[in-house]
Amino acid sequence: MKAEEHCNESAEKTSKQTAFCKPCKRQWAKCGTDPAKNGPKSFHGGANTSEALTQSQDGCLTASLTSEPRVKDFGQLNPDEKMKMLETTRQAKVLVLTMVYRDGTTQLDPEQKLTLPVCGLLVLMKSDLSCGTPEDSLGPNDSLVYLKLEHTPAWAQQQTHPSPELFTRDMLLQVLTGSQLVVCYKAKDLLRSVLQVYRRELNWKRVAGCHIQDPQVSAWLLDPTDPSSCFQDLLNKHCRRPHTTPALGAQKVSQIISGLCWLYRLNMKLCSQLQSQGLWKLYSDMELNMIPVLAAMESHRIHVDKEALKKTSDLLGTKMKQLEKEAHQAAGQIFLVTSSTQLRTVLFEKLRLHERCENKKLPKTINKQQQSTSEAALLLLQDLHPLPKIILEYRQVHKIKSTFVDGILSCMMCKNYISSTWHQTSAVTGRISAKHPNFQALPRQPLQITKKQYVQGKEEEVVTVHPRAMFIPHEGWTFLAADFCQVELRLLAHLSSDPELLRIFTSPQADVFTMLASQWKGVREDEVTSEDREHAKRIVYSVVYGAGRERLSGILGVSTEQARLFQDSFLQTYRDVQAFIQRTIQQSHKQGYVLSIMGRRRNLPNINSPDWSIRMQAERQAVNFVVQGSAADLCKMAMIRIFNLVSSSSSLSARLIAQLHDELLYEVEDSHLEQFAALVKSTMESLQRIDHLGVHLKVPLKVAVSSGKSWGSMSELNIPLTFPSP
DNA sequence: CCAAGGACGCTACG
DNA sequence: CGTAGCGTCC
């Protein structure tokens, strides 16, 4: 562990000096190679050789802030004053926070760059809950503290006891985990920064209990489709207030302070709306508890085999060149293989392939109603000409290379680890999403590449490329995955109370989709082919998602008519599922919104639209939301429960790596594997009942656990039915 | 002439 | 259904 950290640091230092790093084309690269452009980073401890540089850019706002008479600079206080300040903080009724970045912006400013280096934290301490008479100014007993949030490496710290660094840490802990009301816009970013800056001296478990209110989250919960993208937008929408213009220096400081006052008012406004809309419990018990979970997940470093990625990138590059050549030969001309426009010209204007398959309905593009070159279309054309197959393979390889190999490499820059950014408020269904890289979209199946050997090659070498296999646990640790089996289908059974569907889940053992296929096709279970089973699976989800016949036929590779028959026969077999769908649509028409199992809400403004297609879309969204949103509720609750168990235990050490909607991926110490697997499984399955949220599922939940020394090679783990509690 | 940004197409995941 | 992300084209 230590050796590796040292390794990383020295890697970062040397990379700054060498000018040989490739320039990063992607704007979301975590650490820039150009100090002049991106500014030196305050994260990760290392290299303070360029201290002079750091002062020039960011010193300005910090100086203005700390010279403002109302703002106390915590770092400048003597130990006695610091103790007093800690006490004052404890006594305050409300704390309102914002991070201050080195470029002079705060979290309240519109649109800041990603992973901006932080320099401090401004805290408004209110002694009472009132909003203050002049709306943007301080009350008589309110005070402001500035906390420097930059890491001083251990070797540079003064030898006083206790060290100033730890005083600041304790103040931060007081601020973040105090029992009073704490408000911060984008609280997760703050928590993550604190965990990163104090990586060595602050255990992630200590932020577990923190309950910071966040208007970004509350506003999203009130209306998950609302596009309000920054603090200003939110204020404009929910609060009446005077017009403001950007300012500099002391003016800017005043604006930040009044921003904090407005932040408090906004928070109160949104909280009362949450209460009146019946969303308070969901907010307080679920969404707020997600914040530390996500912050801890983001601050964890996931080790990646960078060298293997680079080799794979080259390999795929060669393969793509070969395929490109083949495509040009097959087409009889040179064209841009990545361009669907040019491919359309070749396939349908030059080769006129659509004229040779008039019996099949070729898909059209959504917006312009042109001939599509999508996978579904190429599959229909593949027997007529060699080109479609080549393009299909090219696209597969290209997707893997661009998104999952080069994409991940560009996320790593000078490091050999990654941490995705997790978003709580970007999905209308209540799911979370990931970026840089998008951990939730890494291919499940490995890709087979046949490598042509030019040097005296008779035998063709077959290489398998699997991006997931590049993710490696730290030494002495193992990945553990816990998967909610068929959550959506189980929820559909619960929501519809369909007796046949319920029976599938209540009867012990047996494969769900096999049973389903047998019930619905009317054959014995041992007569169900793997194809039948796969069909059953896809049909189920097409029903859940409300996919049309077109989409289903595309996925299944059967005619539209056949797809319709499949769907109809499914809904005939499970009549109460159909009834549930109709009931949900009816409700959404009457109320204008739908609710998930834990009371998550989606407004459907288009549900009564005169436009048929718009209205139908809203109806599909309604049904989809109830199922998908409920599944999201369960999965998030699982993350929170397990997080709280681990962080309140002194022996447990497992860390959450990623959430793949219905699957949780952990990194566990080798010796803890079995115990933790049992804990995870039983915790997740126990969510069948959540009394305080009124959840009591009519179906049991089933969780499958697997483990492995890379994410690409996970094998199922057998866990005894019950486990002894420690 | 170029650059940046939006619309569109395609495809990973669930 | 609905996320992210890569790529062209205008």
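Bear in mind that the values here come from a model prediction, so they are computed numbers and not experimental data. Letters A, B, ... are given to chains in the order of the sequence lines, protein chains preceding strands, and every chain is numbered from 1.
- Atoms CD (A:Glu324) and P (C:dG7) sit 14 Å apart, rounded to a whole Å.
- The side chain of A:Thr403 contributes no N or O atom lying less than 4.0 Å from OP1 or OP2 of C:dG5.
- Considering only the side chain of A:Ser374, B:dC10 comes nearest among B:dC10, B:dG14, B:dG9.
- Nucleic acid contact for A:Val428: sugar-phosphate only, since backbone atoms but no base atoms lie under 4.0 Å from a heavy atom of the residue.
- Of the side-chain N and O atoms in A:Arg395, none sit less than 4.0 angstrom from OP1 or OP2 of B:dC10.
- For A:Thr373, the listed nucleotide lying nearest its side chain is B:dC10; candidates were C:dC9, C:dG5, B:dC10.
- The side chain of A:Ser340 approaches B:dC10 more closely than any other nucleotide in the set B:dC10, C:dC9, B:dA12.
- Taking every side-chain heavy atom of A:His436 into account, C:dG5 is the closest of C:dG2, B:dG14, C:dG5.
- Note on A:Gln617: only backbone sugar-phosphate atoms sit closer than 4.0 angstrom, heavy atoms only; bases stay farther off.
- Listed nucleotides C:dT3, B:dG9, B:dG14 differ in distance to A:Gln628; the shortest reach to its side chain belongs to B:dG14.
- Here A:Gln342 reaches the OP1 or OP2 of C:dC9: one of its side-chain N or O atoms lies under 4.0 Å away.
- Looking at heavy atoms from C-beta onward, A:Val626 lies out of side-chain contact with A:Arg602 at the 4.5 angstrom threshold.
- Side-chain proximity of A:Thr338 to C:dC1, C:dG7, B:dC10: nearest is C:dG7.
- Between A:Ser419 and A:Glu298, the shortest heavy-atom contact is CB-O, 3.1 Å.
- Taking every heavy atom of both residues into account, A:Leu384 and A:Leu353 meet most closely at CD1-O, 3.8 Å.
- Between A:Arg344 and C:dC9 there is no side-chain polar atom (N or O) within less than 4.0 angstrom of OP1 or OP2.
- More than 12 heavy-atom neighbours from other residues, nucleotides or ligands sit within 6.0 angstrom of NZ on A:Lys350.
- A:Phe471 and A:Trp711 have perpendicular rings, their planes meeting at more than 60° on a 0 to 90° scale where under 30° would count as parallel.
- Counting any heavy atom pair closer than 4.0 Å across all strands shown, A:Leu442 reaches sugar-phosphate atoms only and no base atom.
- Side-chain atoms of A:Asn438 lie closest to C:dG5 of the nucleotides C:dG5, C:dG2, B:dC13.
- In this structure, the NE2 atom of A:His398 is 10 Å from the P atom of C:dC6, given to the nearest Å.
- Within a 6.0 Å sphere centred on NZ of A:Lys306, other residues, nucleotides and ligands contribute more than 12 heavy atoms.
- The distance from atom CD of A:Glu393 to atom P of B:dT11 is 14 Å, rounded to the nearest whole Å.
- Surrounding CD of A:Gln586 are at most 12 heavy atoms belonging to other residues, nucleotides or ligands under 6.0 Å away.
- For A:Thr429, counting side-chain heavy atoms from C-beta on, the closest listed nucleotide (C:dC9, B:dA12, C:dG2) is C:dG2.
- If you take CZ of A:Arg431 and C1' of C:dC1, they are 9 Å apart, rounded to a whole angstrom.
- Looking at heavy-atom distances under 4.0 Å, A:His423 makes no contact with the nucleic acid at all.
- Note on A:Ala631: nothing from the nucleic acid sits closer than 4.0 angstrom, heavy atoms only.
- Separating the CZ atom of A:Arg600 from the P atom of C:dC1 is a distance of 20 Å, rounded to the nearest angstrom.
- For the pair A:Asp662 CG and B:dC13 C1', the computed distance is 10 Å after rounding to whole Å.
- Across all strands, A:Arg444 comes closer than 4.0 Å only to sugar-phosphate atoms, never to a base (heavy-atom distances).
- For C:dC1, the base has no donor-acceptor partner in the side chain of A:Gln621 [N/O atoms by modelled type, under 3.5 angstrom].
- In this structure, A:Glu663 reaches neither bases nor backbone, as no heavy-atom distance under 4.0 Å exists between it and the strands shown.
- In this structure, A:Ser339 reaches the C:dC9 phosphate: one of its side-chain N or O atoms is under 4.0 Å from OP1 or OP2.
- Comparing B:dG14, B:dG9, C:dA4 by their closest approach to the side chain of A:Asn367 singles out B:dG9.
- The nearest whole Å value for the distance from the CD1 atom in A:Ile408 to the C1' atom in B:dC13 is 13 Å.
- Among the protein residues, A:Leu336 comes within range of the sugar-phosphate backbone only, with heavy atoms under 4.0 Å from sugar or phosphate atoms but none that close to a base.
- Rounded to whole Å, atom P of B:dA12 lies 17 Å from atom CG of A:Leu660.
- When the nucleotides C:dG5, C:dT8, B:dC10 are ranked by their closest atom to the side chain of A:Ser372, B:dC10 comes out on top.
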